[in-house]
Q: 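Before anything else, here's the structure in question.
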2 protein chains.
Amino acid sequence: MAERVRLIDVAREAGTSVSTVSRALNGSDLISPEVVAHVRAVAGQLGYRADKRAQEFKLGRPLTVGVTVPDLTNPFFSEVLKGLNAAARAGGYRLLIGESSEDPAEELRLVDELVDYSGALVLCSSRLTRAGLEKALAQPVPVVCINRTVKNAGVVAIDYRAASRLLLEHLTGLGHRRVLYVGGPATSWSDGERRRTLRRTARALDVTLDEIDGGWSGNHGYDAGPTVLHSRATAVITFNDLVGIGLLSWMYDNGVEVPSELSVASYDDIPIAAYSRPPLTSLRNERAKLGELAWEQLTKRLAGADWPAPDLLTPELVVRASTGPARRRARIRAS
Amino acid sequence: MAERVRLIDVAREAGTSVSTVSRALNGSDLISPEVVAHVRAVAGQLGYRADKRAQEFKLGRPLTVGVTVPDLTNPFFSEVLKGLNAAARAGGYRLLIGESSEDPAEELRLVDELVDYSGALVLCSSRLTRAGLEKALAQPVPVVCINRTVKNAGVVAIDYRAASRLLLEHLTGLGHRRVLYVGGPATSWSDGERRRTLRRTARALDVTLDEIDGGWSGNHGYDAGPTVLHSRATAVITFNDLVGIGLLSWMYDNGVEVPSELSVASYDDIPIAAYSRPPLTSLRNERAKLGELAWEQLTKRLAGADWPAPDLLTPELVVRASTGPARRRARIRAS
DNA sequence: CGATCGGTTGCAATCGTTTGCACGCTAGGA
DNA sequence: TCCTAGCGTGCAAACGATTGCAACCGATCG
C-alpha cells in the first residue's frame, strides 16, 4: 500500500520534463538513447507504473472487452470464457465479465453497464429478447454474439444443423425410430436451434421426434425422468450434458437400464460426461475456440473492417456407453 | 455506434454550464429543483452517458475489483466468482477476472496487471509462492485471499480442520481404520491444509493415513485408480469431487464395487457429485458465500477499517452412497 | 561568421469530469 | 435605502497522461 509514483515524480528525479519521460517510456524515437536509458532506469528504480485510467482516458480507447454469460458455473460458458480470455489477453485486452443468471432483463442491464467500460462487447449465448438485442447492437461499440445469429454483429456459433444430424444418424443407425428431445431454457437461442434442426433432420430421416421442456441443470434432467419413462421413445437427446447426467441418474435410481432399455445422448461433451455411469454419448465442440474466434472477429472489426462471415464450428460425435441398439418391443413398466 | 454525448453537449442544449449539469446529474443539493429536472430531461433526451473512464480518472477511485482464479472451468471457482460478482455488483463495483491456469508465474503476472485497473484484489485459492504473495501484498491496493491464510490481508477460507474431522469421523464410524488421501496440486494451499488436518485428526482418531499425489481433475482421479486399488486402505478421500468422480469411474471400469469394496469421499460437493454413480459422499461448503464474505472484508477495509479477523466457513457432510461399512478382510485381487 | 538544418527537448493544450471558490441575485432587516 | 445573508450558478483548476508545436542546441555549409 505505497504511494503512487507519477510521471512528474520520475521527471523530477531524472531531471527532465514529463513529456520526455512519457516519450522515453513509450519508445518514441525522438528521444536520444542515453536519455531513454536513464529515464527507464529512474522509472524502474522508483517503481513507476502508468496510471491506466489516466492513460486510457487520454487515449480514448478502452482496452477492455465486456462479456456476458448466462451462468458462470456452467462448464460450457467457463470454457468459452477461457478461450476468449486467453485470446484477448494476448491482444493486450482484458475481460470484464458479467453474469446474467439466465435473466434477459438482467442481461440488458449488464450490457448497459459494461458498455461504459468496454471498447467491445461479447454476448455469449445471449438470452436477450429480439428487442433487447437490437438495443445492445445500437451501443457505440462493436458486438460479437456467440451462439446466436444476428445481423450487423459478429457471429460465432456451433453448427447445430451438423450437430443434430450427427446425433440422429447415430441413433437411427442403432435402430431408433422414436426419439425424445428434452429441451433447455426457453430463452436460449441454441435450444431453439437444436429443436429446429432436430425436427428438420428427423423428418428427413423419417424419425418420430417428440419434445418436452427441460432446463439447463442436472436437476432439470432428473425431474424429467418420469415423463421420459412414460414416453414411447427408445432414445433421448438432452439439451446438454448436465441435463443428460441428471436424467441418467434418475434412470439408475428407478432401475431403468441404460442403454439396453433407453439410449441417452447429448450436446456439448463437458469433461464430466466421460465419467457418468454409463459414460454419456455426446457432441464434442471446441468451446474455447468459440471464444478465440469471437476475439478474432472483434479484432478485425476494431481494425476497421466489416464484420466477417459467421464462423460455424462443426462438432464431433463422441460415442460412449449411454447409447446402444434400440430395444425390440415397447417398454412395459409400472410408474 | 453513435457519437458520444458529453457533458458539454448537454450543457449547451440545456443552456447552462457543465458544472451545473454535472451537479444536477449527480444529485447535488446546490442546484434548484427546476434546473435539475430540466437538465435531467435534456440529458435523457440526448442520451447522455457519463464517460466512466474520465469519471473514475477524476475521482481517483477505481470501481473495479481484480480477481484471480487458477481455473475458470472448475465449478468451485465459478461459484466463488458468482458470489463475489453478485456482492461486488450490489456495491457498485465490477469484476475484472484473471485466470492463472494453475501457474504461479502467470498468477504473479496477472496480479501485476490487474492492480493497474483495480481498486482491490481478490486472490482465489492463490497458487503464488510465499515470495510471490509478499509481492502481491505490497501492491498499493487492499488484497483479500480466499482459501489461503496470510498476514496483512483479508482472509476467507473453509475450515479444513472441521472438514477433515467430519470426513474421518464419518469413515471411522463405518469401521474404516486405514484411509488413503488422493492429493491435489502441489501449489495448492488448501491441499496442504487438507493433508495437515487429515494427519492430525487421523492421529487423534487412531486411523492410519496414507497419501498419494493426484491433481484437480477427473483424469487425475481416474489415473490414480491402480495405485488406490493396490493400497491397503478401505476408504479413500479425494482432493475434490472431480478427482473423486474420476476415481469412481475407474473403479467401475475395473469391477471394483463401491462402497462394498472401497469407500470414497471427497471435499466440495459440487452439483454433479449428487449424480455420479454411486452418488458421492462429500463436504458441502458455501462457495458463493466465500465470495460474498471476501467482498464484505474488502468493503470494511476500503472504508478505512483494519482487516477483520479471518472468516472461516464450516462445511457440512453430505453422506451419499459412495461410503459404506468397511469390508472385513484385506482385499485380494489381481491387478 | 551568420544562416540553416536535423536532432532533441520542453511548453502547453488536451481528453471529460468533478469541485472549490467567487460572483450575482434576491430578499429581509436595520 | 443600504448592507448582509444565503441561495444558486458559473469559472477555472485539477486528475495523469499524451502529443503538436515551438525552441533550443551544435554542427555544417555557403
Side-chain angles (χ1 to χ4, degrees), chain A residues 2-44 46-64 92 113 115-119 140-141, chain B residues 2-40 42-43 46-64 92 113 115-119 140-141:
Chain A
E3 260 321 298
R4 275 211 83 91
V5 180
R6 289 153 309 160
L7 215 43
I8 194 173
D9 301 317
V10 179
R12 192 167 8 226
E13 184 71 18
T16 66
S17 70
V18 275
S19 10
T20 302
V21 177
S22 170
R23 280 191 264 252
L25 294 178
N26 291 327
S28 160
D29 50 0
L30 291 173
I31 309 292
S32 68
E34 309 88 65
V35 176
V36 170
H38 179 224
V39 167
R40 288 249 166 92
V42 172
L46 292 182
Y48 169 76
R49 328 207 54 199
D51 180 323
K52 291 292 180 185
R53 231 162 305 275
Q55 209 168 33
E56 287 194 6
F57 163 59
K58 169 64 178 148
L59 295 176
R61 63 186 135 100
L63 292 174
T64 303
E113 185 187 306
V115 79
D116 283 338
Y117 292 89
S118 315
V141 298
Chain B
E3 261 320 299
R4 277 210 83 91
V5 179
R6 290 153 308 160
L7 261 190
I8 195 173
D9 301 316
V10 180
R12 190 162 15 221
E13 185 70 18
T16 66
S17 70
V18 277
S19 9
T20 301
V21 177
S22 170
R23 280 191 264 251
L25 294 179
N26 291 326
S28 161
D29 51 359
L30 291 172
I31 310 291
S32 67
E34 309 87 65
V35 176
V36 170
H38 179 225
V39 167
R40 288 250 166 92
V42 172
L46 292 182
Y48 170 76
R49 328 207 55 198
D51 181 324
K52 292 291 181 185
R53 232 164 308 278
Q55 208 168 35
E56 288 194 4
F57 161 59
K58 169 62 181 162
L59 294 177
R61 63 186 135 100
L63 293 175
T64 303
E113 185 186 307
V115 79
D116 282 339
Y117 291 88
S118 316
V141 298

Q: Shortest non-hydrogen contact from Leu25(A) to Arg40(A)?
A: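 In this case the closest contact between Leu25(A) and Arg40(A) is O-NH2, 3.7 Å.
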Q: So, does Tyr48(B) get its side chain near the phosphate of dT17(C), meaning an N or O under 4.0 Å from OP1 or OP2?
A: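 Answer is yes, contact under 4.0 Å.
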Q: Would you kindly give the CD1-to-C1' distance between Ile8(A) and dA14(D), to the nearest whole Å?
A: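 Result: 12 Å.
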Q: Round to a whole Å and report the spacing from CD1 of Ile31(B) to P of dT9(D).
A: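 Computing the Ile31(B):CD1 to dT9(D):P distance gives 5 Å.
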Q: Could you tell me whether the phosphate oxygens of dT18(C), OP1 or OP2, come under 4.0 Å of any side-chain nitrogen or oxygen in Ser22(B)?
A: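 Yes.
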Q: Can you see whether Glu56(A) engages Tyr117(A) through a side-chain donor-acceptor pair at a distance of less than 3.5 angstrom?
A: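 Result is no, nothing qualifies.
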Q: For Arg53(B) and dT18(D), give me the distance from atom CZ to atom C1', rounded to whole Å.
A: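 From Arg53(B) CZ to dT18(D) C1': 16 Å.
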Q: Looking at Lys58(A) and dT14(C), is any side-chain donor or acceptor paired with a base atom of the opposite kind under 3.5 Å?
A: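 In this structure, the two groups form a donor-acceptor pair.
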Q: Using whole Å, what does the distance between atom P of nucleotide dT9(C) and atom NE2 of His38(A) come to?
A: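 Whole-Å distance recorded here is 12 Å.
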Q: So, is Ser19(A) close to the dT19(D) phosphate, meaning a side-chain N or O under 4.0 Å from OP1 or OP2?
A: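 For dT19(D), neither OP1 nor OP2 has a side-chain N or O of Ser19(A) closer than 4.0 Å.
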Q: Picking from dA17(D), dG10(D), dC11(C), which would you name as closest to the side chain of Ala50(A)?
A: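 The listed nucleotide nearest to Ala50(A)'s side chain is dA17(D).
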Q: Whole-Å distance between dG16(D) P and Leu59(B) CG?
A: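 It works out to 12 Å between those atoms.
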Q: Can you tell me how far C1' of dG10(D) sits from CG of Leu7(B), to the nearest Å?
A: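 These atoms are roughly 14 Å apart.
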Q: How far apart are the closest heavy atoms of Asp116(B) and Ala50(A), and which atoms are they?
A: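 Answer, listing the atom of Asp116(B) first, then Ala50(A): OD1-O, 4.3 Å.
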Q: Does Leu59(B) have more than 12 heavy atoms from other residues, nucleotides or ligands lying within 6.0 Å of its CG?
A: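 Buried by this count: over 12 neighbours within 6.0 Å.
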Q: Ignoring hydrogens and angles, does a donor from either the side chain of Arg23(B) or the base of dG20(C) sit under 3.5 Å from an acceptor on the other?
A: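 Yes.
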Q: Taking 4.0 Å as the cut-off, does a side-chain nitrogen or oxygen of Thr20(B) come that near to OP1 or OP2 on dG10(D)?
A: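 Result: yes.
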Q: When you check the phosphate oxygens OP1 and OP2 of dG16(D), does a side-chain N or O of Gln55(A) lie under 4.0 Å from one of them?
A: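 Looking at the OP1 and OP2 atoms of dG16(D), neither is under 4.0 Å from any side-chain N or O of Gln55(A).
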Q: Would Phe57(A) count as stacking on dC15(C) if stacking means ring centres less than 5.5 angstrom apart and planes tilted under 30 degrees?
A: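 Ring-base stacking flag set for Phe57(A) and dC15(C).
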Q: Output the rounded distance in Å from CZ (Arg12(A)) to P (dG16(D)).
A: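 One finds 12 Å between P of dG16(D) and CZ of Arg12(A), rounded.
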Q: Toward the 5' end of DNA chain C, which comes first, Ala54(A) or Leu30(A), by nearest nucleotide?
A: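 The 5'-side residue here is Leu30(A).
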Q: Among Val42(B), Val39(B), Val5(B), which residue satisfies the side chain to side chain contact (heavy atoms under 4.5 Å, CB included) criterion with Glu13(B)?
A: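 In the set Val42(B), Val39(B), Val5(B), the residue that makes a side chain to side chain contact (heavy atoms under 4.5 Å, CB included) with Glu13(B) is Val42(B).
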Q: In whole Å, I'd like the distance from the CZ atom of Arg6(B) to the P atom of dC15(C).
A: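 After rounding, the reported distance stands at 8 Å.
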Q: Report yes if a side-chain nitrogen or oxygen of Ser32(B) is closer than 4.0 Å to either non-bridging phosphate oxygen (OP1 or OP2) of dT9(D); otherwise report no.
A: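 Yes, because at least one side-chain N or O of Ser32(B) sits under 4.0 Å from OP1 or OP2 of dT9(D).
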